[in-house]
Amino acid sequence: MGIKDLLRFMKPYVEPIHIKKYAGKRVGIDAYSWLHKGAYSCSMELCLNMEGDKKYQYINYCMHRINMLRHHNISPVLVFDGANIPCKALEEQHRHSKRKDSRDLAITKLKEGNVNAATEMFQRAVSITPSMAHQLIQILRSENIEFIVAPYEADAQLAYLSSLDESKGGISAVISEDSDLLAYGCSSVIFKMDRYGNGEEIVIDQVFDAVGCRPSFRHFNKELFTGMCIIAGCDFLPSVPGIGIAKAHALVTKYLNLDRALSVLKYEKGNQMPEDYFKSFKEAFAVFLHARIYDVASKRLKHLTPLPETLLHSLGDELDFLGPDMPSSQATAIAKGQLDPSTMKAFDELPSSNGQRKSTAVNKPPESLSVQPKRKLKQQKTTESCFTFVTSQKPKNKRITVMEKETKPNFIDKYPELEKLISSVNDDMPSILDTIPPKRSSMVPDNNPFKRRKQTQVEDLEVICNSQPTNAINEVETKSSSEQRSGVTDLDKFTPDSQKSVESKPIKNIRNQKSGKKAESISAKKKNSILNYFSWK
DNA sequence: AAGCGGTTAAGAT
DNA sequence: TTAACCGCTT
């Protein structure tokens with residue numbers, strides 16, 4: 001996922017920070033990455049759609065982090081993925097089938113009694129369903145936490161918000177794990193943020209401005225940077241064999257012009273280059289720079305950055321690969337979390353995550369459990385456990401221990417029979433949670449557990465942060481004319497001589513040998529050349 | 001020197 | 001599931 005090796009390559013520009021750097025600011029969050037991490041701890045419960053509240057622990061995880069941010073006076077803005085864009089359809093399909101395989105294997109292992117192996121496979125099998133996202137959204141609503149569901153890629157939406165002034169609903173930084181954010185043009189991205197708020201930040205303007213730091217990005221701009229990312233290999237277009245991030249960077253640095261860089265690339269690697277590479281490149285470029293996003297102010301879909309008429313033309317007036325446009329009302333309903341962006345059905349009418357639960361109760365977030373008449377006692381306890389982030393008067397460490405111990409001893413005892421396991425887990429759980437006084441959540445915890453641990457760590461970090469690289473003197477700046485730079489990234493000027501090659505079959509190379517069948521069926525569609533590349537994966 | 005496939009160690013929940 | 005490392009290839 002993301003841009004191959006980009007983060008490693010950008011290492012010199014990574015700065016350890018603490019999130020409190022953004023105190024008083026709005027910060028965007030790639031909700032999917034949190035949902036996914038949160039789902040690890042309850043992957044089996046989610047995969048099997050087991051009864052009980054354990055499967056809502058991912059919500060706990062997300063809220064924990066949200067409250068950590070709020071503790072530092074940061075306004076979180078959670079951004080959810082919408083529909084898949086067509087160019088990602090194949091990859092999604094692929095992931096889905098891998099997850100299904102993992103799930104089947106997990107169940108087999110479980111039946112065999114190998115719980116450890118089963119757990120591992122369940123963790124590979126979890127997928128984040130719209131239903132899960134919606135459950136988190138319901139909590140966010142009730143807790144007055146800002147969120148938005150992107151029409152398509154959350155990354156693009158985050159990049160758009162990142163480009164807006166805070167006074168216009170913009171955000172000052174993005175928390176994510178995905179290097180794609182940089183390719184989308186986010187100005188400030190925080191990677192690997194832990195539960196205390198420590199993370200690694202890349203600020204793209206600092207990258208462009210840095211003198212004497214290698215690799216040098218002097219004279220780069222966002223378009224060139226995105227172009228470099230695509231050449232290095234991204235989700236939408238694999239790199240030409242033998243080309244990685246370093247070569248891509250060297251090419252773009254040398255010519256500061258994507259047309260020329262690609263021409264040279266074709267000259268040097270033409271024989272290994274798919275015929276429609278240029279067109280695919282342009283489409284990938286459009287995905288990164290002109291993706292469809294939701295504009296809150298106008299309540300409409302817009303392009304991340306305005307799409308030049310000429311580029312539109314050179315793409316054959318064909319923008320389906322960005323996902324279809326949609327009416328304002330629909331886009332708004334999606335953005336507000338009222339419509340499932342994939343099915344376009346209202347969320348309340350959705351069946352539960354795997355579509356087979358009888359009771360609606362299990363489909364509701366833990367918050368609602370206190371009004372469920374059935375199994376009241378147990379559920380109230382667990383409900384509380386789902387909100388430990390908010391109020392606990394207890395020391396955090398104690399809580400964490402409780403949560404950890406809650407699971408394993410339980411299902412280990414029961415593994416021999418899957419059916420029993422599914423139906424009865426939680427029903428006779430040891431009441432470890434009994435020791436926790438049932439308290440109702442309050443939004444802003446004064447006793448926020450993140451505080452203590454953080455302060456010491458943060459101070460250490462600040463020392464690190466202040467030590468800037470000072471080897472600047474050695475850097476010899478390459479002279480390049482500004483005329484050369486101006487407009488050089490204008491993709492409209494692309495003159496690929498192989499536009500029609502979209503219809504041609506993908507060139508055989510190492511990557512497509514395994515999936516030749518798929519590749520052909522796709523090229524038969526001859527719709528979108530990016531798809532041809534996906535079939536190679 | 002860079003890419004790339006394979007292996008291994010460390011991390012998280 | 002990364003990240004780091006090794007050895008082989010270009």
Side-chain angles (χ1 to χ4, degrees), chain A residues 1-12 14 16 32-47 53-65 68 95 98-99 101-102 106 115-128 132 175-180 191-200 214-215 228 231-235 238-254 265 268-273 385-386 388-389 396-397 399-412 509-511 513-514 536-537:
Chain A
M1 267 198 70
I3 310 300
K4 214 182 356 166
D5 280 337
L6 181 63
L7 289 184
R8 192 175 52 82
F9 192 69
M10 301 297 289
K11 213 68 175 187
V14 168
Y32 180 89
S33 70
W34 281 8
L35 282 169
H36 210 267
K37 283 190 190 173
Y40 272 110
S41 60
C42 48
S43 51
M44 181 168 75
E45 287 77 5
L46 286 168
C47 287
D53 300 335
K54 174 95 195 288
K55 69 177 171 204
Y56 295 115
Q57 237 175 330
Y58 66 90
I59 293 182
N60 196 18
Y61 177 98
C62 294
M63 295 311 292
H64 219 284
R65 294 196 165 213
M68 184 270 291
R95 283 183 192 167
K98 271 176 72 180
R99 286 188 183 119
D101 293 346
S102 298
V115 178
N116 287 335
T119 305
E120 198 183 318
M121 296 317 289
F122 276 127
Q123 289 181 342
R124 292 192 204 176
V126 233
S127 60
I128 306 304
M132 289 168 67
I175 298 170
S176 176
E177 302 300 323
D178 193 346
S179 56
D180 274 346
F191 299 98
K192 302 184 177 85
M193 192 191 75
D194 67 16
R195 68 178 83 175
Y196 312 111
N198 301 303
E200 300 181 345
R214 273 180 301 182
M228 176 195 77
I231 294 171
C234 63
D235 286 352
S239 67
V240 175
I243 301 297
I245 185 71
K247 295 256 176 75
H249 173 259
L251 266 177
V252 175
T253 298
K254 186 166 179 184
L265 186 61
E268 289 174 352
K269 296 275 180 179
N271 50 337
Q272 305 181 61
M273 208 173 185
S385 78
C386 285
T388 52
F389 56 92
K396 170 184 153 211
N397 289 342
R399 272 304 168 105
I400 294 243
T401 317
V402 167
M403 300 296 285
E404 280 167 355
K405 285 185 178 165
E406 180 185 343
T407 2
K408 292 183 183 154
N410 260 303
F411 65 77
I412 284 173
N509 68 2
I510 319 143
R511 287 169 204 265
Q513 278 167 1
K514 286 181 191 166
W536 295 358
K537 293 193 172 176

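Order of the sequence lines fixes the chain letters, A, B, ..., with proteins taken first and strands second; residue numbering starts at 1 for each chain.
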Problem - C:dT2 phosphate, OP1 or OP2, under 4.0 Å from A:Arg8 side-chain N/O - result: no
Problem - Whole angstrom value for the distance that separates P of B:dA12 from OH of A:Tyr40 - result: 13 Å
Problem - side-chain N/O A:Lys192 vs C:dA3 OP1/OP2, d < 4.0 Å - result: yes
Practice task
Rounded off to whole Å, could you give me the CD1-to-C1' distance for the A:Ile243 and B:dC4 pair?
Solution key: 13 Å
Practice task
May I have all residue pairs that pass salt bridge (charged side-chain N to carboxylate O under 4.0 Å, His left out) and include part of residues 242-252 of chain A, sequence neighbours excluded?
Solution key: none
Practice task
Please state how far atom NZ in A:Lys11 lies from atom P in C:dA3, giving the value in whole angstrom units.
Solution key: 7 Å
Handout entry: OP1 or OP2 of B:dT13 under 4.0 Å from side-chain N/O of A:Arg65
Key = yes
Practice task
For A:Lys4 and C:dA3, give me the distance from atom NZ to atom P, rounded to whole Å.
Solution key: 15 Å
Completion exercise
With sequence neighbours left out, the residues meeting salt bridge (charged side-chain N to carboxylate O under 4.0 Å, His left out) with A:Arg95 are A:Glu91, A:Glu92
Handout entry: Rounded distance (Å) that lies between atom C1' of C:dT2 and atom CZ of A:Phe9
Key = 20 Å
Practice task
Provide, to the nearest angstrom, the distance between the CG atom belonging to A:Asp5 and the C1' atom belonging to B:dC4.
Solution key: 10 Å
Handout entry: Interatomic distance where CG belongs to A:Asp194 and C1' belongs to B:dG11 [whole Å]
Key = 12 Å
Problem - Rounded interatomic separation in angstrom, taking CZ from A:Arg124 and P from B:dT13 - result: 19 Å
